[in-house]
There are 2 protein chains.
Amino acid sequence: MQTPGEFVREQVTTVRSTVDRVAGSVADSVADAPGVSAVGSSVGDFIREQRNAARVSLRELARTAGVSNPYLSQVERGLRKPSAEILASIARGLKISAETLYEQAGILDRRSGNPDTVAAIRSDDALSERHKAVLLELYETYVREHRASSPAAS
Amino acid sequence: MQTPGEFVREQVTTVRSTVDRVAGSVADSVADAPGVSAVGSSVGDFIREQRNAARVSLRELARTAGVSNPYLSQVERGLRKPSAEILASIARGLKISAETLYEQAGILDRRSGNPDTVAAIRSDDALSERHKAVLLELYETYVREHRASSPAAS
DNA sequence: CCGCTCCGCTTGCAGGAGCTAGCACCCGGG
DNA sequence: CCCGGGTGCTAGCTCCTGCAAGCGGAGCGG
(Lines give C-alpha, C1' and ligand atoms only; values in the text may rest on other atoms or scores of the structure.)
Protein backbone atom coordinates (compact mmCIF):
# COMPACT_ATOMS: atom_id res chain seq x y z
CA MET A 1 0.00 0.00 0.00
CA GLN A 2 1.18 3.47 -0.84
CA THR A 3 1.60 6.22 1.64
CA PRO A 4 -0.91 9.01 1.33
CA GLY A 5 1.78 11.40 0.22
CA GLU A 6 2.93 9.25 -2.65
CA PHE A 7 -0.56 8.62 -3.71
CA VAL A 8 -1.44 12.27 -3.76
CA ARG A 9 1.64 13.15 -5.71
CA GLU A 10 0.94 10.51 -8.26
CA GLN A 11 -2.58 11.62 -8.53
CA VAL A 12 -1.68 15.23 -9.15
CA THR A 13 0.53 14.17 -12.00
CA THR A 14 -2.01 11.80 -13.44
CA VAL A 15 -4.86 14.20 -13.26
CA ARG A 16 -2.86 17.03 -14.71
CA SER A 17 -1.58 15.06 -17.63
CA THR A 18 -4.96 13.59 -18.30
CA VAL A 19 -6.64 16.93 -18.30
CA ASP A 20 -3.96 18.50 -20.39
CA ARG A 21 -4.21 15.83 -23.00
CA VAL A 22 -7.93 16.04 -23.23
CA ALA A 23 -7.98 19.80 -23.20
CA GLY A 24 -5.41 19.87 -25.95
CA SER A 25 -7.26 17.45 -28.13
CA VAL A 26 -10.35 19.54 -27.83
CA ALA A 27 -8.72 22.87 -28.48
CA ASP A 28 -9.84 22.87 -32.09
CA SER A 29 -13.44 22.03 -31.49
CA VAL A 30 -14.31 24.52 -28.80
CA ALA A 31 -15.58 27.07 -31.25
CA ASP A 32 -19.17 25.88 -30.95
CA ALA A 33 -19.31 24.68 -27.39
CA PRO A 34 -21.93 26.69 -25.56
CA GLY A 35 -24.39 23.89 -24.88
CA VAL A 36 -23.73 22.69 -21.39
CA SER A 37 -23.61 25.99 -19.62
CA ALA A 38 -26.87 27.40 -20.90
CA VAL A 39 -29.17 28.50 -18.10
CA GLY A 40 -32.29 26.47 -18.68
CA SER A 41 -35.53 28.34 -18.25
CA SER A 42 -37.19 25.35 -16.65
CA VAL A 43 -36.06 22.28 -14.81
CA GLY A 44 -37.00 20.05 -17.69
CA ASP A 45 -34.80 21.92 -20.11
CA PHE A 46 -31.93 21.73 -17.70
CA ILE A 47 -32.40 18.00 -17.18
CA ARG A 48 -32.53 17.37 -20.88
CA GLU A 49 -29.43 19.47 -21.39
CA GLN A 50 -27.52 17.53 -18.81
CA ARG A 51 -28.78 14.24 -20.15
CA ASN A 52 -27.77 15.08 -23.68
CA ALA A 53 -24.41 16.33 -22.50
CA ALA A 54 -23.85 12.95 -20.90
CA ARG A 55 -24.96 11.16 -24.05
CA VAL A 56 -27.55 9.23 -22.16
CA SER A 57 -30.84 8.18 -23.67
CA LEU A 58 -34.11 9.06 -22.04
CA ARG A 59 -34.81 5.46 -21.18
CA GLU A 60 -31.34 5.00 -19.79
CA LEU A 61 -31.62 7.94 -17.45
CA ALA A 62 -35.11 6.86 -16.47
CA ARG A 63 -33.77 3.47 -15.47
CA THR A 64 -30.84 4.78 -13.45
CA ALA A 65 -33.03 7.40 -11.85
CA GLY A 66 -35.69 4.86 -10.99
CA VAL A 67 -38.54 6.58 -12.80
CA SER A 68 -40.56 5.52 -15.79
CA ASN A 69 -39.43 6.69 -19.20
CA PRO A 70 -42.73 8.28 -20.21
CA TYR A 71 -42.80 10.30 -17.08
CA LEU A 72 -39.23 11.49 -17.53
CA SER A 73 -40.16 12.53 -21.04
CA GLN A 74 -43.01 14.62 -19.74
CA VAL A 75 -40.86 16.12 -17.05
CA GLU A 76 -38.23 17.15 -19.54
CA ARG A 77 -40.81 18.81 -21.74
CA GLY A 78 -42.30 20.66 -18.80
CA LEU A 79 -45.64 18.86 -18.90
CA ARG A 80 -45.22 17.52 -15.39
CA LYS A 81 -43.87 19.03 -12.22
CA PRO A 82 -41.77 16.38 -10.51
CA SER A 83 -41.75 16.03 -6.74
CA ALA A 84 -38.64 16.59 -4.69
CA GLU A 85 -37.86 12.90 -4.39
CA ILE A 86 -38.15 12.38 -8.10
CA LEU A 87 -35.97 15.40 -8.62
CA ALA A 88 -33.38 13.97 -6.26
CA SER A 89 -33.51 10.62 -8.02
CA ILE A 90 -32.99 12.29 -11.37
CA ALA A 91 -30.09 14.26 -9.95
CA ARG A 92 -28.49 11.03 -8.81
CA GLY A 93 -29.05 9.49 -12.20
CA LEU A 94 -27.39 12.50 -13.78
CA LYS A 95 -24.59 12.44 -11.20
CA ILE A 96 -25.17 16.05 -10.35
CA SER A 97 -26.09 17.59 -7.02
CA ALA A 98 -29.69 17.79 -5.96
CA GLU A 99 -29.17 21.40 -4.94
CA THR A 100 -28.52 22.35 -8.51
CA LEU A 101 -31.78 20.83 -9.66
CA TYR A 102 -33.67 22.42 -6.81
CA GLU A 103 -32.26 25.77 -7.77
CA GLN A 104 -33.35 25.17 -11.34
CA ALA A 105 -36.77 24.22 -10.07
CA GLY A 106 -36.91 27.44 -8.11
CA ILE A 107 -37.45 25.76 -4.77
CA LEU A 108 -34.01 26.66 -3.46
CA ASP A 109 -32.51 30.10 -3.55
CA ARG A 110 -29.47 30.41 -5.71
CA ARG A 111 -26.37 30.87 -3.66
CA SER A 112 -24.15 33.90 -3.68
CA GLY A 113 -22.85 34.72 -7.10
CA ASN A 114 -19.08 34.35 -7.04
CA PRO A 115 -17.44 33.26 -3.82
CA ASP A 116 -13.79 32.58 -3.88
CA THR A 117 -13.53 28.85 -4.24
CA VAL A 118 -9.77 28.96 -4.04
CA ALA A 119 -9.89 30.76 -0.72
CA ALA A 120 -12.43 28.31 0.61
CA ILE A 121 -10.26 25.35 -0.29
CA ARG A 122 -7.14 26.99 1.11
CA SER A 123 -8.74 27.76 4.43
CA ASP A 124 -10.46 24.41 4.82
CA ASP A 125 -8.87 22.73 7.79
CA ALA A 126 -10.52 19.44 6.91
CA LEU A 127 -7.97 19.03 4.14
CA SER A 128 -4.29 18.32 4.21
CA GLU A 129 -1.97 20.63 2.33
CA ARG A 130 -1.38 18.06 -0.37
CA HIS A 131 -5.05 17.48 -0.84
CA LYS A 132 -5.56 21.20 -1.14
CA ALA A 133 -2.89 21.24 -3.81
CA VAL A 134 -4.63 18.52 -5.78
CA LEU A 135 -8.00 20.19 -5.56
CA LEU A 136 -6.62 23.58 -6.50
CA GLU A 137 -4.73 22.15 -9.42
CA LEU A 138 -7.80 20.38 -10.72
CA TYR A 139 -9.96 23.39 -10.03
CA GLU A 140 -7.77 25.74 -11.99
CA THR A 141 -7.64 23.35 -14.88
CA TYR A 142 -11.39 23.16 -14.95
CA VAL A 143 -11.80 26.88 -14.77
CA ARG A 144 -9.38 27.40 -17.62
CA GLU A 145 -11.19 24.82 -19.65
CA HIS A 146 -14.57 26.28 -18.88
CA ARG A 147 -13.39 29.72 -19.96
CA ALA A 148 -12.10 28.28 -23.19
CA SER A 149 -15.34 26.51 -23.95
CA SER A 150 -17.68 29.36 -23.05
CA PRO A 151 -15.93 32.70 -23.16
CA ALA A 152 -19.19 34.61 -23.20
CA ALA A 153 -20.16 33.41 -19.74
CA SER A 154 -18.82 35.76 -17.14
CA MET B 1 -15.13 17.21 -34.75
CA GLN B 2 -16.10 16.55 -31.25
CA THR B 3 -19.28 17.82 -29.74
CA PRO B 4 -19.22 19.58 -26.39
CA GLY B 5 -21.01 16.69 -24.81
CA GLU B 6 -18.42 14.22 -25.96
CA PHE B 7 -15.69 16.40 -24.64
CA VAL B 8 -17.23 16.72 -21.23
CA ARG B 9 -18.06 13.10 -21.05
CA GLU B 10 -14.66 11.93 -22.03
CA GLN B 11 -13.00 14.13 -19.52
CA VAL B 12 -15.26 13.14 -16.71
CA THR B 13 -14.67 9.53 -17.50
CA THR B 14 -10.92 9.86 -17.48
CA VAL B 15 -10.79 11.90 -14.34
CA ARG B 16 -13.31 9.72 -12.67
CA SER B 17 -11.29 6.65 -13.34
CA THR B 18 -8.36 8.36 -11.71
CA VAL B 19 -10.47 9.21 -8.73
CA ASP B 20 -11.79 5.70 -8.57
CA ARG B 21 -8.33 4.31 -8.16
CA VAL B 22 -8.06 6.41 -5.07
CA ALA B 23 -11.52 6.60 -3.78
CA GLY B 24 -12.67 3.11 -4.54
CA SER B 25 -16.37 2.99 -4.03
CA VAL B 26 -16.77 6.62 -3.22
CA ALA B 27 -17.86 7.44 -6.72
CA ASP B 28 -20.86 5.24 -6.19
CA SER B 29 -21.96 7.18 -3.17
CA VAL B 30 -23.41 9.79 -5.45
CA ALA B 31 -25.24 7.25 -7.52
CA ASP B 32 -26.58 5.30 -4.59
CA ALA B 33 -29.82 6.37 -3.04
CA PRO B 34 -29.36 6.61 0.70
CA GLY B 35 -31.86 9.06 2.12
CA VAL B 36 -34.96 9.03 0.03
CA SER B 37 -36.73 6.03 1.46
CA ALA B 38 -38.57 5.65 4.72
CA VAL B 39 -38.83 9.25 5.84
CA GLY B 40 -42.22 10.82 6.17
CA SER B 41 -42.81 11.32 9.85
CA SER B 42 -39.50 12.88 10.80
CA VAL B 43 -40.14 15.97 8.71
CA GLY B 44 -43.49 16.50 10.32
CA ASP B 45 -42.07 16.02 13.78
CA PHE B 46 -39.36 18.49 12.99
CA ILE B 47 -41.83 21.03 11.68
CA ARG B 48 -44.06 20.70 14.72
CA GLU B 49 -41.05 20.97 16.95
CA GLN B 50 -39.95 24.18 15.31
CA ARG B 51 -43.45 25.55 15.31
CA ASN B 52 -43.95 24.86 19.00
CA ALA B 53 -40.54 26.28 19.79
CA ALA B 54 -41.57 29.47 18.03
CA ARG B 55 -44.88 29.59 19.94
CA VAL B 56 -46.85 29.66 16.73
CA SER B 57 -50.24 28.06 16.33
CA LEU B 58 -50.93 25.61 13.55
CA ARG B 59 -53.30 27.99 11.82
CA GLU B 60 -50.85 30.84 12.14
CA LEU B 61 -48.06 28.92 10.48
CA ALA B 62 -50.44 27.65 7.85
CA ARG B 63 -51.40 31.20 6.98
CA THR B 64 -47.85 32.52 6.81
CA ALA B 65 -46.76 29.48 4.86
CA GLY B 66 -49.64 29.80 2.46
CA VAL B 67 -51.13 26.37 3.04
CA SER B 68 -54.39 25.24 4.56
CA ASN B 69 -54.41 24.45 8.24
CA PRO B 70 -55.79 20.92 7.91
CA TYR B 71 -53.13 20.06 5.43
CA LEU B 72 -50.39 21.39 7.67
CA SER B 73 -51.81 19.31 10.47
CA GLN B 74 -51.60 16.19 8.33
CA VAL B 75 -48.10 17.05 7.24
CA GLU B 76 -46.97 17.46 10.83
CA ARG B 77 -48.42 14.10 11.76
CA GLY B 78 -46.79 12.40 8.81
CA LEU B 79 -50.04 11.57 7.05
CA ARG B 80 -49.12 13.58 4.00
CA LYS B 81 -45.87 13.92 2.15
CA PRO B 82 -45.52 17.58 1.19
CA SER B 83 -44.03 18.57 -2.12
CA ALA B 84 -40.84 20.56 -2.34
CA GLU B 85 -42.66 23.83 -2.91
CA ILE B 86 -44.86 23.32 0.12
CA LEU B 87 -41.80 22.39 2.10
CA ALA B 88 -40.07 25.57 0.99
CA SER B 89 -43.14 27.61 1.92
CA ILE B 90 -43.27 26.04 5.36
CA ALA B 91 -39.58 26.72 5.80
CA ARG B 92 -40.20 30.34 4.93
CA GLY B 93 -43.05 30.48 7.41
CA LEU B 94 -40.83 28.99 10.08
CA LYS B 95 -38.02 31.34 9.15
CA ILE B 96 -35.59 28.50 8.75
CA SER B 97 -33.60 27.51 5.70
CA ALA B 98 -35.14 25.25 3.12
CA GLU B 99 -31.99 23.16 3.11
CA THR B 100 -32.62 22.17 6.69
CA LEU B 101 -36.09 20.94 5.91
CA TYR B 102 -34.92 19.11 2.82
CA GLU B 103 -32.30 17.36 4.85
CA GLN B 104 -34.96 16.41 7.37
CA ALA B 105 -37.11 15.17 4.55
CA GLY B 106 -34.22 13.05 3.34
CA ILE B 107 -34.18 14.58 -0.12
CA LEU B 108 -30.89 16.35 0.45
CA ASP B 109 -27.82 14.56 1.71
CA ARG B 110 -25.94 16.19 4.50
CA ARG B 111 -22.50 16.95 3.20
CA SER B 112 -19.54 15.67 5.15
CA GLY B 113 -17.08 18.47 4.56
CA ASN B 114 -16.79 22.12 5.36
CA PRO B 115 -20.03 23.66 4.13
CA ASP B 116 -18.26 26.79 2.98
CA THR B 117 -16.00 24.89 0.65
CA VAL B 118 -18.87 22.78 -0.64
CA ALA B 119 -20.97 25.86 -1.20
CA ALA B 120 -18.11 27.62 -2.91
CA ILE B 121 -17.59 24.80 -5.37
CA ARG B 122 -21.25 24.37 -5.96
CA SER B 123 -21.96 28.00 -6.68
CA ASP B 124 -18.89 28.57 -8.77
CA ASP B 125 -20.19 29.41 -12.20
CA ALA B 126 -16.74 28.96 -13.66
CA LEU B 127 -17.32 25.22 -13.41
CA SER B 128 -19.62 22.92 -15.29
CA GLU B 129 -21.97 20.68 -13.36
CA ARG B 130 -19.89 17.63 -14.05
CA HIS B 131 -16.72 19.31 -12.98
CA LYS B 132 -18.45 20.31 -9.79
CA ALA B 133 -19.45 16.72 -9.25
CA VAL B 134 -15.91 15.49 -9.75
CA LEU B 135 -14.43 18.12 -7.45
CA LEU B 136 -17.01 17.47 -4.77
CA GLU B 137 -16.45 13.75 -4.89
CA LEU B 138 -12.74 14.20 -4.66
CA TYR B 139 -13.16 16.74 -1.90
CA GLU B 140 -15.32 14.48 0.20
CA THR B 141 -12.93 11.62 -0.29
CA TYR B 142 -10.12 13.77 0.99
CA VAL B 143 -12.11 14.96 3.95
CA ARG B 144 -12.95 11.41 4.91
CA GLU B 145 -9.35 10.42 4.51
CA HIS B 146 -8.20 13.35 6.56
CA ARG B 147 -10.57 12.38 9.34
CA ALA B 148 -9.36 8.84 9.29
CA SER B 149 -5.73 9.88 9.51
CA SER B 150 -6.27 12.44 12.25
CA PRO B 151 -9.30 11.45 14.31
CA ALA B 152 -8.14 13.54 17.26
CA ALA B 153 -8.88 16.72 15.39
CA SER B 154 -12.38 17.73 16.32
C1' DC C 1 -39.06 -6.90 -47.98
C1' DC C 2 -39.49 -8.54 -43.14
C1' DG C 3 -38.54 -8.85 -38.26
C1' DC C 4 -36.09 -7.16 -34.36
C1' DT C 5 -34.61 -3.55 -31.30
C1' DC C 6 -34.01 0.82 -29.83
C1' DC C 7 -35.64 5.65 -29.62
C1' DG C 8 -39.03 9.22 -27.76
C1' DC C 9 -43.95 10.27 -27.25
C1' DT C 10 -49.23 9.68 -26.26
C1' DT C 11 -52.93 7.60 -23.79
C1' DG C 12 -55.58 5.97 -19.75
C1' DC C 13 -55.63 4.88 -15.19
C1' DA C 14 -54.55 4.36 -9.76
C1' DG C 15 -53.32 6.88 -5.96
C1' DG C 16 -51.88 10.66 -3.44
C1' DA C 17 -51.48 15.90 -2.77
C1' DG C 18 -53.80 19.75 -1.20
C1' DC C 19 -58.06 22.42 -0.47
C1' DT C 20 -62.89 23.63 1.43
C1' DA C 21 -66.21 22.60 4.79
C1' DG C 22 -67.26 21.01 9.10
C1' DC C 23 -66.32 18.48 13.52
C1' DA C 24 -65.24 18.43 18.81
C1' DC C 25 -63.01 20.81 22.46
C1' DC C 26 -61.48 24.71 25.56
C1' DC C 27 -61.62 29.47 27.33
C1' DG C 28 -63.36 34.35 28.60
C1' DG C 29 -67.30 37.43 28.71
C1' DG C 30 -72.04 38.88 28.46
C1' DC D 1 -76.34 29.65 30.46
C1' DC D 2 -74.91 30.67 25.79
C1' DC D 3 -72.28 32.91 22.68
C1' DG D 4 -67.70 34.23 20.00
C1' DG D 5 -63.21 32.91 19.06
C1' DG D 6 -59.13 29.96 19.93
C1' DT D 7 -56.99 25.27 19.41
C1' DG D 8 -56.28 20.85 16.39
C1' DC D 9 -58.48 17.05 13.65
C1' DT D 10 -61.82 14.54 10.16
C1' DA D 11 -64.55 14.03 5.71
C1' DG D 12 -65.08 14.60 1.02
C1' DC D 13 -63.70 16.46 -3.09
C1' DT D 14 -60.64 17.96 -7.24
C1' DC D 15 -56.56 17.85 -9.59
C1' DC D 16 -52.22 16.18 -10.81
C1' DT D 17 -48.35 13.08 -10.21
C1' DG D 18 -46.30 8.96 -11.76
C1' DC D 19 -46.71 4.51 -14.01
C1' DA D 20 -48.08 0.56 -17.37
C1' DA D 21 -49.32 -0.13 -21.94
C1' DG D 22 -49.13 0.98 -26.59
C1' DC D 23 -48.00 4.10 -30.59
C1' DG D 24 -45.11 5.38 -34.93
C1' DG D 25 -40.38 6.05 -36.53
C1' DA D 26 -35.31 5.01 -37.28
C1' DG D 27 -31.49 1.77 -37.72
C1' DC D 28 -29.89 -2.96 -38.84
C1' DG D 29 -29.20 -8.09 -39.88
C1' DG D 30 -31.57 -11.61 -42.67
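Every chain is numbered from 1, with letters handed out A, B, ... down the list of sequences.
In terms of position on DNA chain D, the residue among Asn69(A) and Arg59(B) whose nearest nucleotide sits closer to the 5' end is Arg59(B).
Put simply, CD1 on Ile86(B) is 13 Å from P on dT17(D), counting in whole angstrom units. One can place CD of Glu85(B) at 14 Å from P of dA17(C), the figure rounded to the nearest angstrom. Regarding Gln74(A), its CD atom lies at a distance of 11 Å from the P atom of dG18(D), rounded to whole Å. Whole-Å rounding puts the Ile47(A) CD1 to dG8(C) P distance at 14 Å. Atom NZ in Lys81(B) sits about 9 Å away from atom P in dG16(C), given to the nearest Å. Atom CZ in Arg55(B) sits about 13 Å away from atom P in dG8(D), given to the nearest Å. Between Arg63(A) atom CZ and dG18(D) atom P the separation is 20 Å, expressed in whole Å. One can place CD of Glu76(A) at 7 Å from P of dC9(C), the figure rounded to the nearest angstrom.
Look at Arg80(A) and you'll find a side-chain N or O under 4.0 angstrom from OP1 or OP2 of dT17(D). A sub-4.0 Å separation between OP1 or OP2 of dC6(C) and a side-chain N or O of Ser57(A) is absent. Listed pair Arg51(A) / dG8(C) meets the phosphate criterion, a side-chain N or O lying under 4.0 Å from OP1 or OP2. Phosphate contact (OP1/OP2 of dC9(C), side-chain N/O of Ser73(A), threshold under 4.0 Å): present. Between Arg48(A) and the phosphate of dC9(C), there is a side-chain N or O to OP1/OP2 separation shorter than 4.0 Å.
Counting non-hydrogen atoms under 4.0 angstrom, Ser68(B) reaches a base of the nucleic acid. If you check every strand for non-hydrogen atoms under 4.0 Å, Val67(A) touches sugar and phosphate atoms only.
In this structure the side chain of Glu85(B) reaches within 4.5 angstrom of the side chain of Lys81(A), judged on heavy atoms. Side-chain contact between Pro82(B) and Tyr71(B) is present, with at least one heavy-atom pair separated by less than 4.5 Å.
Checking dG18(D), dT20(C), dT10(C) against every side-chain atom of Pro70(B), the shortest atom distance belongs to dT20(C). Among the nucleotides dC19(D), dT10(D), dG18(C), the one closest to the side chain of Tyr71(A) is dC19(D).
Between the CD1 atom of Ile86(B) and the OG atom of Ser83(A) there is a distance of 12.5 Å, given to the nearest 0.5 Å.
Ring planes of Tyr102(A) and Tyr102(B): tilted class, angle from 30 to 60°.
Here Arg51(A) pairs with Glu76(A) in a salt bridge; the nearest charged N to carboxylate O distance falls below 4.0 Å.
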